[in-house]
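Chain naming here is simple, since letters A, B, ... match the order of the sequence lines and numbering starts at 1 in each. For clarity, every value in this text was computed on a predicted model and none was experimentally measured.
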2 protein chains.
Amino acid sequence: MKNTRESIISISQLDNASIDHLLKLGSKRILRKGKVLFHPKSYHHYLHIIESGVVRAYTHYKGKEVTFWLGMEGDIVFPYRTYMFGKTSYETVELLEDCLFHSFLIKDLLHLFESDLKWATWGRKLAEKELIKMEERFISYLFKTAKERYNQLIEQKPEIFNRIQLQHIASYLGMTQVSLSRIRGEY
Amino acid sequence: MKNTRESIISISQLDNASIDHLLKLGSKRILRKGKVLFHPKSYHHYLHIIESGVVRAYTHYKGKEVTFWLGMEGDIVFPYRTYMFGKTSYETVELLEDCLFHSFLIKDLLHLFESDLKWATWGRKLAEKELIKMEERFISYLFKTAKERYNQLIEQKPEIFNRIQLQHIASYLGMTQVSLSRIRGEY
DNA sequence: CTTCTTTTTTAACAATTGTTAAATTTTTCC
DNA sequence: GGAAAAATTTAACAATTGTTAAAAAAGAAG
């Protein structure tokens, strides 16, 4: 459980008045496990901050689901492709647990970004932090074996293994479920 | 060959006066093939826009070089880790051709980002675009075979094969040089 | 042009990961 | 609790990719 205000501040410090202003524009909602938040080939109008729960983003390749992102408390579900280029997205975002979201219209957020230096800076830092995370994850895939990637995840985010099905973790780690099971069985 | 003004505008439209102001803060320099632009475990004070030439960023893992980024005309060499966290970096950036850079003090750029909404927006869009590129590259690694990654690169950036050594391309594609050679030999 | 150095290819073999299918375990639902 | 469905593990085998070493090709220097 992590409240929206903390999530926002953890990206970059902001005064309370600015945050209050944003919070008034958003709304909270609870959605059930299994619900699909974003469908592929559609436009997404909301950004969601996760207060509790877990979601995964996946796409299809050669008839199989590929889970490329997992989000939990404090993470931000931001459909960058739609937001930046007005393009439809290729991903499905599905809830793996009941979730509490704090949701904001991307339109409202963009308006803040384009009119208020403080929010523009916040938006910049959000993208910069996501970029660093993605780059670190990418580099570790570029030269680590399946077993090394598994060990790294166990070390860095052990709680994932208690909350998320192994088939999704396997995909997230870039291997088949059978390979993950084999690696786990070795110990 | 791509001039700095075009590179800046291609991230996000900006008025000429704003760009002129930035350009006055920077300086051009020519560096020779083989020169190292960033050393690991050091602080990087400059952002470089590549007007011509090719560079690669690499790091070491298990005694081997891993090339994780290639930049050419129009690309921006931005040491995000140093810039965001004041941390030293893990990467080496090396010139694979003679290069013409337009270089700016990160300090100057940050000052613009923090004082001018137009530049803050430009900085946000820069990070957002880099994020999308990184995410697309990452997803394609998550579920494509070595051969598919090779075919994709041939299709998307064929000029790379005329300008960059195959050993570096192999690493960039997440495979050994021998594997790349084998894949190329199959046709 | 010739020699030396570096890069790339080829080959044989080893290790890792994928595929398919069946067995087992866990979860869901009545 | 018990049946059905879903998830996970196990096993056998196939395909891909890595490793090492040597040969061939390409590039640099005199």
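Rounded to an integer number of Å, the gap from B:L166 CG to D:dG27 C1' is 14 Å. Spacing between atom CE of A:M175 and atom P of C:dA15 amounts to 20 Å, rounded to whole angstrom units. The NZ-P distance, from A:K147 to D:dT17, rounds to 19 Å in whole Å. For B:I183 and C:dT10, the CD1 to P distance is 13 Å, given to the nearest whole Å. Distance NZ (B:K62) to C1' (D:dG18): 11 Å, rounded to an integer number of Å. Atom P of nucleotide D:dC13 and atom CZ of A:R182 are separated by 14 Å, given to the nearest angstrom. The distance between atom CD of A:E65 and atom P of D:dA7, rounded to the nearest whole Å, is 10 Å. Atom-to-atom, CZ of A:F161 to P of D:dA7 comes out at 18 Å; the value is rounded to the nearest Å.
Two residues, A:V178 and B:G174, neighbour DNA chain D, and the one matched to the more 5' nucleotide by heavy-atom proximity is A:V178.
Comparing C:dT8, D:dT19, C:dT17 against the side chain of B:Q167 picks out C:dT8 as the nearest. Taking the side chain of B:T176 as heavy atoms from C-beta on, and the options C:dT19, D:dT19, D:dT17, the nearest nucleotide is D:dT19. Taking every side-chain heavy atom of B:Q177 into account, C:dT7 is the closest of C:dT19, C:dT7, D:dT9.
The existence of a salt bridge linking A:E97 and A:R163 is confirmed by a sub-4.0 Å separation between a basic side-chain nitrogen and an acidic carboxylate oxygen.
Taking the six-membered ring where the residue is Trp, the centroids of B:F104 and B:H102 are separated by under 6.0 Å.
Listed pair A:S179 / C:dT17 fails the phosphate criterion, with no side-chain N or O lying under 4.0 Å from OP1 or OP2. Dashed line: the shortest gap from a side-chain N or O of A:R184 to OP1 or OP2 of D:dT8 is not under 4.0 Å. Of the side-chain N and O atoms in A:T145, none sit less than 4.0 angstrom from OP1 or OP2 of C:dT16.
B:Y46 meets the ring pair (Phe, Tyr, Trp, His ring centres under 6.0 Å) test with no other residue; sequence neighbours excluded.
Here the rule is side chain to side chain contact (heavy atoms under 4.5 Å, CB included) with A:H44, and of A:Y83, A:F78, A:F38 only A:F38 fits it.
Side chain to side chain, A:Y172 and A:R56 fail the donor-acceptor criterion of an N or O pair below 3.5 Å.
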